[in-house]
Amino acid sequence: MTVSRRVLLAAPGALLLSAPTRADQQRLAAALLDFTGGQPMREGRVRLDVSPLVENGNAVPISVMVETPMTTADHVRRIGVFNERNPQPNVITAQFGPRSGRAFLATHIRLATSQALVAAAEMNDGSFWSQRVEVIVTLAACIEG
Amino acid sequence: MARVLLRVPTMTEKGSVIEIRALIQHVMETGYRPNAEGVLQARDIIWRFTCRYDGEVVFNAAFSPAIAANPFIAFTIIATQSGPVSFTWEGDNGFTQTETRHITVT
């Protein structure tokens with residue numbers, strides 16, 4: 001079998017630009033549904049900070065901040081971060097309370113490829129908020145042995 | 001014992017919000033990577049991090065294989081009273097490690 005040089009040169013570009021499959025989207029939706037337990041989730045209040053262009057997917061700094069005074073009456077119970085195209089949709093789930101002071105979380109994560117990240121927060125009144133961010137990854141994690 | 005880097009303020013005012021940064025040396029083997037022979041390497045991750053302070057769990061997080069090697073976590077707590085703050089990491093293959101720091105609240 002012969003593969004033309006043109007096809008080989010085009011291959012990395014195709015990898016970068018390949019759209020998420022329906023299965024990826026469904027898996028992310030299922031993970032979010034598991035987090036919310038079927039409650040409606042709105043965009044807003046959550047800020048997910050991550051560089052839009054990531055050079056190395058092996059350690060990507062992210063931080064999540066939720067707008068809330070973190071009092072007994074109004075605080076975040078849980079923050080979850082989810083991804084679309086890693087082998088598993090979950091990244092991290094953390095529990096908070098009035099003693100947290102701020103609804104803030106930072107960590108370093110792995111990204112297998114360019115994809116969407118979703119940060120979701122559960123408030124103590126049972127409402128859910130989220131933010132979705134698209135990230136482009138030039139060197140992927142998980143591929144090299 | 002894995003090496004741990006912890007940044008916890010030693011002295012602070014009562015009621016102030018303090019940021020804690022914790023990093024532990026760990027491979028966080030995902031279970032999705034083949035080794036040199038092409039065989040998948042077994043998963044070996046830390047799956048839980050817990051911070052206890054003033055008689056209560058004040059922060060806890062569940063990690064997945066998507067957390068990078070040498071897992072780093074930063075979060076905040078309210079300084080309520082002087083005492084120990086303990087940090088526990090639990091993982092696969094019976095991994096467990098606890099570190100304690102003392103904070104003085106004035």
Side-chain angles (χ1 to χ4, degrees), chain A residues 31 34-35 49 54 56-66 68-72 75-113 115 117 135 137 140-145, chain B residues 7 9 12-24 26-41 43 45-81 85:
Chain A
D34 193 47
F35 183 79
D49 268 334
V54 172
N56 182 355
N58 282 306
V60 185
I62 65 160
S63 72
V64 183
M65 192 99 188
V66 184
T68 162
M70 286 307 265
T71 55
T72 321
H75 61 265
V76 169
R77 266 197 217 135
R78 282 189 302 157
I79 290 179
V81 179
F82 304 90
N83 71 79
E84 199 170 36
R85 301 179 72 189
N86 277 5
Q88 281 180 9
N90 295 72
V91 176
I92 188 168
T93 308
Q95 295 187 345
F96 295 80
R99 293 189 56 181
S100 303
R102 276 200 293 267
F104 164 78
L105 165 74
T107 183
H108 296 165
I109 70 168
R110 290 177 171 133
L111 290 174
T113 180
Q115 57 183 308
L117 284 173
V135 183
V137 179
C142 318
I143 290 178
E144 281 106 65
Chain B
R7 206 173 79 184
T12 185
E13 280 173 35
K14 191 176 175 73
S16 63
V17 177
I18 55 177
E19 182 173 327
I20 289 173
R21 292 159 160 254
L23 186 145
I24 188 165
H26 195 280
V27 291
M28 291 295 276
E29 187 58 58
T30 60
Y32 297 102
R33 282 192 329 145
N35 62 12
E37 282 82 48
V39 185
L40 279 188
Q41 289 168 264
R43 192 184 93 156
I45 67 163
I46 288 173
W47 35 257
R48 184 173 300 284
F49 169 78
T50 313
C51 173
R52 289 182 184 82
Y53 167 54
D54 194 8
E56 239 183 83
V57 171
V58 285
F59 179 84
N60 97 77
F63 294 170
S64 78
I67 297 296
N70 306 325
F72 163 80
I73 184 101
F75 59 96
T76 58
I77 59 173
I78 292 180
T80 45
Q81 65 168 308
V85 189

- Note on the structure: Between B/Ile78 and A/Pro98 the two heavy atoms that sit nearest each other are CD1-O, 3.5 Å

- Note on the structure: Here the gap from B/Phe75 atom CZ to A/Phe104 atom CZ, rounded to the nearest 0.5 Å, amounts to 10.5 Å

- When rounded to the nearest 0.5 angstrom, what distance separates CD1 in B/Ile77 from CZ in A/Phe96? 12.5 Å

- Query: Can you find a pair of side-chain heavy atoms, one from A/Leu105 and one from B/Phe59, that are under 4.5 Å apart?
  - Reply: yes

- Item | Segment of B/Asp54 engaging chain A (4.5 angstrom heavy-atom cut-off) | both

- Sort B/Ala69 into side chain, backbone, both or neither according to what part of it lies under 4.5 angstrom from a heavy atom of chain A. both

- Query: Quick one: what part of B/Ser16 sits under 4.5 Å from any heavy atom of chain A, side chain, backbone, both or neither?
  - Reply: neither

- Between A/Pro61 and chain B, which part of the residue has a heavy atom less than 4.5 Å away: side chain, backbone, both or neither? neither

- Task: Report, as yes or no, whether the 6.0 Å neighbourhood of atom CZ on B/Arg7 holds more than 12 heavy atoms from other residues, nucleotides or ligands.
- Result: no

- Query: If you take all heavy atoms of A/Asn90 and B/Ser64, which pair is closest and at what distance?
  - Reply: O-OG, 2.8 Å

- Note on the structure: To the nearest 0.5 Å, atom CZ of A/Arg99 lies from atom OG1 of B/Thr76 at 12.0 Å

- Against chain A, label B/Phe49 side chain, backbone, both or neither, depending on which of its atoms sit under 4.5 Å from a heavy atom there. neither

- Query: Roughly how far apart are B/Thr30 OG1 and A/Arg110 CZ, rounded to 0.5 Å?
  - Reply: 6.0 Å

- Item | Side chains of B/Ile73 and A/Ile92 in contact at under 4.5 Å (non-hydrogen atoms) | yes

- Query: Of the listed residues (B/Ala61, B/Ala79, B/Gly38), which shares the most heavy-atom pairs with chain A below a 4.5 Å separation?
  - Reply: B/Ala61

